[in-house]
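Just so you know, residue 1 is the first one in the sequence shown, and it goes up from there.
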Amino acid sequence: MTDQRPGWGAGAAVALAAGAANAQTAQLDPAGSNVLLAGVNWLQGSLLGNVATAVAVIAVAAVGFMMLTGRLNWRYGATVILGCFILFGAAAIVGGIRSAATGF
């Protein structure tokens, strides 16, 4: 059986053309993106800066001490410590995933 709906082929052609146009314009930065990029960079600097690093070191030390004295569940303490490693190692983790995905 053939598809009897009118415009099926034209609709597919328009969708393919729109996809190609989106791929070409995806390379250009949209208007106002530099403000958003500056905000994201500020947030990254705040989350990974010197103050955040000091707070994370104090948190890991406090959680480790509480785990050793029996005041904190080992599973919860390990989750906090693993979260700090993931937060500060995110750039290396993403780089490893990208290199594995691209095959380089």
Might you point out which heavy atoms bring C84 and V60 nearest each other, and give the distance in Å? SG-CG2, 4.0 Å
Should we say atom CG of N41 is surrounded by more than 12 heavy atoms from elsewhere, each under 6.0 Å from it? yes
Least distance between heavy atoms, F88 atom then A52 atom: CZ-O, 3.9 Å
Identified side-chain contact (heavy atoms from CB on, under 4.5 Å) partner of L82 from the options V80, I86, T79: I86
When you group the ILVMFWY residues by side-chain heavy-atom contacts below 4.5 Å and let the links chain together, are V57 and F85 in the same group? no
Cluster check W74, Y76: I/L/V/M/F/W/Y, side chain < 4.5 angstrom: yes
Between the CD1 atom in I93 and the CG atom in L87, the distance rounded to the nearest 0.5 Å is 9.5 Å
Which atoms form the tightest heavy-atom contact between M67 and I81, and what is the distance? SD-CD1, 4.4 Å
